[in-house]
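Below is one structure; the comments refer to it alone.
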Amino acid sequence: MTEEKYRAAPYLAAVADTAPGERNVGFDKVQAYLERFGYLRESIVREVGVLDDPTEGALRKYQEFFELPITGIFDDATRESMMRPRCGLPDPQAGELAFATTCAWTDRTLTYAFDTGTDDVAGNAEFDAVRRAIQTWQNVGGLTFTEVALGSSPDIRIGWRPAADPDHSMVGGVLAHADFPPGCSVVTNTLPKPVHFDDSETVWSVGAAANAFDIETVALHEFGHIVGLAHSSVPNAVMAPTVASNFTKRALTQDDTDGFRSLYPAAPQAWSGWNSLGGSLTSNITVGTNADGRMEIFARGTDRAVWHRWQTAPSNGWSGWNSLGGVITSDISVASNRDGRMEIFARGTDNALWHRWQTAPSNGWSGWNSLGGVITSDISVASNRDGRMEIFARGTDNALWHRWQTAPNSGWSGWNSLGGVITGPAASGRNADGRLEVFARGTDGAVWHRWQTAPGSGWSGWHSLGGVITSEIAVGNNADGRMEIFARGTDNALWHMWQTAPSTGWSGWQSLGGILTSNIAVGSKAAGRLEVFVRGTANALWHMWQTAPSTGWSGWQSLGGILTSNITVGNNADGRLEVFVRGTDNALWHMWQTAPSTGWSGWQSLGGILTADGALGRNKTGRLEVFVRGTDNALWHMWQTAPSTGWSGWQSLGGILTADGALGRNKTGRLEVFVRGTDNALWHMWQTAPSNGWSGWQSLGGILTSDVALGRNKTGRLEVFVRGTDNALWH
Ligand SMILES: [Zn+2]
Ligand SMILES: [Zn+2]
């Protein structure tokens, strides 16, 4: 971390430590500070210069928001914190959400204009810095900003002003101020809304400079207020109230975009088709998020090393594959340190836990280090409310073991047992009040859980949530803070259970139907609605979603594809979900929500939305069966339920077709279909018995440049014909 020399509010340095009931010279200035930033209401009667009861209550709230020891005493830590340069707007009460929001603009198309600049930087560099900060918020999606002339009635007016600013004083330690949208304003009830920088007490810079403040960094924070965000208690967030000199923070964190999304939910969005990210993978896929919002994916290669690739910009394209080395024997787990550095965990060939971490946020990686232990499961990572990571794994005694960071971003405790006899990896979640909770399957097949009795503190005993589950447990957090867990039942359907209120008791199990052939992945960012992804029959990807935040569920819908792994869900910085799977070719495939506009409807029946002519076959029993490529490029089929009579509904056979398929009948009467995949290889799938069920997709390899043609030999053997890259006919 940068050593911060700059001190604001220097008058606080002279105020002595003050305990409850004490009076000290200058303590009235501490009370004024607490009132100025929203901790001590002006109307509250207090004894000036004395740390009385109302002042102690305010001081404790301040210490809680800044995650200081909550002593109720004006002490060194509190004085140091209050002397940090900061924004002029008040802090909200520490609530359940790290970010806090005020209200949103009803008009989503805003205008801004520049007033007076500063002489601290050359030319109009200060305006360009503000324009970049505005663009960063606009990139999240949901609000647009257009620059206009000062005389064109802008919604926002940006300028450098004296510290004794008439609309909101910035005298003493305040760098800048803005205001919230109309309807929740604290500075002015009229337009334009101010974004004002202190030009008399503060030195401004473009980039990090000693004793100066980066304009883009502060502008990004102030425009967070303009869009409707209040201060966040997450120290790493752009919306944290304080900022250092000689420092830049020009990218939004997850906390900031979460806050933005809660004000401006993304519209229900459509999905792209499948795209290959290549590679040859031998594990499930793991997704992490860099401090700057770029997703990064991890998987084990054929060499059993960890390989990764990352978005080159938030919500954008991907780097190539790179190896992080090691020889691992589990899936990879990833979590972010409080300061934004990602850290990955996996089991080594010695069955110990190994990890490596980014040496700086969004940056390079340490070497592998062992955390010891002898573990017999994948690893679950959770973040305590104070940012300390905590990891959970099963030991050789089948009990749940854990270890935790002893301080945020710092070293680790030894292994400790949480007891129990569990039959799979643990799943962990965090309650709305900050308490971690772990879930695991017991020897009776039921879900068992235990929880921290206070945030970051000791643990309850094991308790059963009942049920008989046949998958790992997935945990989601509803928009209102209630946890919800998902697992596959003995009927292979998806079952779920939820907290009936944040941080409190649980509903019973309920079925969401479906036929699952994988574990469950849960995404939760898009518009605050949970969305679950599973592999269904025929190895296709299926999903369902809450129809409104924290409420009911859609039916199952297919996203096609041919999956050979569990599903992983990533969150783009702009709120779009993206899913990752391993295909039958062992390559990584992904698909993502496209820009807002189209709804989710459309894919429960085919309803005549075909992208190719169908193929028609006749089963051995005489029943017709039709095959078409759907708009999802998956192969869909329906069949007569008896010869010459009614038809079944459409069902997906998955797959990713780039051309019309060819259909043949084997000598034994089994139908067989052939298609070109997006990898241009020849793929096929066949009935496992005449007139009966279907195999999964299998690749026959090759590189095709044509549709597939099919013949039948005299002996009854099928023969396929295609054009290769050499334009020759291949069969
Ligand atoms: Zn602020
Ligand atoms: Zn002002």
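Every number for a ligand or one of its atoms is a count from 1 in the order of the listing. These numbers come from the heavy atoms of this one structure, side chains and all, not from hydrogens, waters or symmetry mates.
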N/O/S atom name from [X] that is nearest to the position of the Zn ion (ligand 2):
| X | result |
| --- | --- |
| D167 | OD1 |
| H196 | ND1 |
| D165 | OD2 |

| query | Would you call R84 and E80 a salt bridge, taking side-chain N to carboxylate O under 4.0 Å as the test? | reply | no

Would you kindly say whether [X] and [Y] are connected by a side-chain donor-acceptor distance under 3.5 Å?
| X | Y | result |
| --- | --- | --- |
| T118 | D199 | yes |
| T253 | N236 | no |
| E67 | S233 | no |

| Can you tell me if H221 has an N, O or S atom under 2.8 Å away from the Zn ion (ligand 1)? | yes

| task | Work out the angle at the Zn ion (ligand 1) between SG of C87 and NE2 of H231, rounded to 10°. | result | 120°

| query | Any N/O/S of H177 under 2.8 Å from the Zn ion (ligand 2)? | reply | yes

| field | Nearest to the Zn ion (ligand 1) - the N/O/S atom of H225, by atom name | value | NE2

| More than 12 heavy atoms of other residues, nucleotides or ligands under 6.0 Å from CG of D53: is that the case? | no

| note | Checking W160, F197, F127 against F114 for ring-ring contact (aromatic ring centres under 6.0 Å, His included), the one that qualifies is F127

